[in-house]
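Worksheet for the structure shown next.
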Amino acid sequence: MPLSIATWNINSVRLRLPLVERLILDRAPDIICLQETKCPDELFPVERFHALGYRHVEVHGQKGYHGVATISRLPIQAVERRRFCEIADSRHLSVRFEAGGRSILLHNFYVPAGGDEPDPEINPKFRHKLDFVSEMNAIRAENGEDDGAILVGDLNIAPLEHDVWSHKQLLKVVSHTPVETEGFETMRKAGGWVDLMRHNVSPEQKIYTWWSYRAADWAASDRGRRLDHIWSSQSLVAGFRDVDILRDARGWERPSDHVPVIARFDLG
DNA sequence: ATGGTGGGAGCCCCA
């Protein structure tokens, strides 16, 4: 049974609903995980997704900032909307669904960006980011209840050298500092997670999913970072097929600064 | 060598 899961930081779901519709028409992913929806739950455009064949919509939003949503053609049940660092931000939603006779838990995350100054002593946003990632150590790929798990989202960290356009120039830039990248990889491995975007791609090859709005020509300068991720439990790796990064979406009209990433599985 | 852009709220926050 084929299964495709998309993750996309949409940067306002109401403003960019036409872009999500374009993704649906082009790719028809079975499940779409959005971040930065910036939409209170009662104003989420649920009916539009129903009309497009996505009958199952779970949201965890708030006014103005943050917010995640998981939109599905397959039946899903909301499992949890977790709070991290004892702050009421809407940054996590997990759902359960069945595919190929297996029960799968799907986590959708929006990790704090962390501000500009990479010093937790003087920048509380950076402290929050480090604490948030540390608390993610509790999110395990094998949980004893499900047959597998997938974790996606805007994790706001580019862990490897070739996840950024210039490793050397970004070592002191939030998203690629050693304290972030090391904590991130430690957390991923401790949780039993496999980095699917790198599973069949050489660590020497550049991968980006985000390009800043503050570039005169994002495509020409191509100063990107891999901030969006798709992980799975070891149990789903045999069924994993490939990942597609929709770079073209960065050039769509009024784009998000992130592009959709789609993982395809074939679960027997 | 610095500021560049964008969304949402509401006279400034966050990315």
Side-chain angles (χ1 to χ4, degrees), chain A residues 7-23 33-45 48 59-69 83-85 87-93 108-120 122-133 152-159 163-166 168-177 180-181 184 208-229 246-261:
Chain A
T7 180
W8 194 7
N9 177 319
I10 193 64
N11 188 14
S12 174
V13 67
R14 284 175 290 174
L15 185 73
R16 294 191 224 285
L17 197 52
L19 301 191
V20 185
E21 290 179 355
R22 183 165 174 184
L23 170 71
C33 293
L34 299 177
Q35 303 87 33
E36 272 206 278
T37 53
K38 296 184 173 176
C39 183
D41 291 350
E42 62 274 18
L43 297 178
F44 197 91
R48 292 288 286 276
V59 294
H60 183 194
Q62 65 185 83
K63 185 177 175 180
Y65 305 103
H66 322 315
V68 293
R83 171 187 294 217
F84 284 76
C85 306
I87 294 173
D89 286 352
S90 301
R91 296 186 178 275
H92 169 265
L93 170 63
N108 179 359
F109 270 99
Y110 176 50
V111 172
D116 287 331
E117 180 56 59
D119 180 349
I122 61 177
N123 176 6
K125 289 188 225 170
F126 195 67
R127 173 84 271 158
H128 179 214
K129 183 179 197 177
L130 298 181
D131 290 346
F132 193 103
V133 170
V152 308
D154 175 6
L155 306 185
N156 266 317
I157 292 174
D163 290 338
V164 294
W165 63 277
S166 168
K168 198 175 161 192
Q169 287 179 257
L170 287 170
L171 276 170
K172 291 180 177 167
V173 174
V174 171
S175 73
H176 195 62
T177 65
E180 290 170 89
T181 59
F184 185 85
Y208 310 141
T209 65
W210 172 91
W211 293 260
S212 172
Y213 283 126
R214 300 178 194 178
D217 185 335
W218 70 274
S221 56
D222 201 21
R223 295 183 169 189
R225 304 179 201 169
R226 181 170 74 115
L227 302 181
D228 303 274
H229 297 269
L246 279 66
R247 179 185 166 104
D248 287 356
R250 185 62 180 78
W252 290 355
E253 197 180 338
R254 287 256 251 167
S256 169
D257 45 356
H258 296 252
V259 297
V261 183

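Quick caveat: nothing in here was measured; it's all calculated off a predicted structure.
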Distance in angstrom units between [X] [atom1] and [N] [atom2], rounded:
X	N	atom1	atom2	value
A/Leu15	B/dG7	CG	C1'	7 Å
A/Glu253	B/dT5	CD	P	19 Å
A/Leu19	B/dG7	CG	P	10 Å
A/Gln35	B/dG7	CD	C1'	16 Å
A/Arg16	B/dG8	CZ	P	7 Å

By side-chain contact (heavy atoms from CB on, under 4.5 Å), which residues pair with A/Asp217, not counting sequence neighbours? A/Ala219, A/Ala220
[N] versus [M] - spacing of their [atom1] atoms, nearest Å:
N	M	atom1	result
B/dA1	B/dG6	P	27 Å
B/dC14	B/dA9	C1'	11 Å
B/dT2	B/dG7	P	28 Å

For A/Thr37 and for A/Ala215, locate the closest nucleotide of DNA chain B by heavy-atom distance; then report the residue assigned to the nucleotide nearer the 5' terminus. A/Ala215
Does atom CD of A/Glu253 have more than 12 heavy-atom neighbours from other groups under 6.0 Å away? no
Under the side chain to side chain donor-acceptor pair (under 3.5 Å) test, residues paired with [X] that sit two or more places apart:
X	result
A/Arg247	A/Asp222
A/Ser166	A/Gln169
A/Ser175	A/Arg225

Does the protein touch nucleotides 9-15 of chain B at the base, only the backbone, or not at all? Give it as B, S and - per nucleotide, heavy atoms under 4.0 Å. SS--BSB
Tell me whether the OP1 or OP2 atom of B/dG7 has a side-chain N or O from A/Arg254 closer than 4.0 Å. yes
Return the set of residues passing salt bridge (charged side-chain N to carboxylate O under 4.0 Å, His left out) with A/Arg16 (not counting sequence neighbours), or none when no residue passes. none
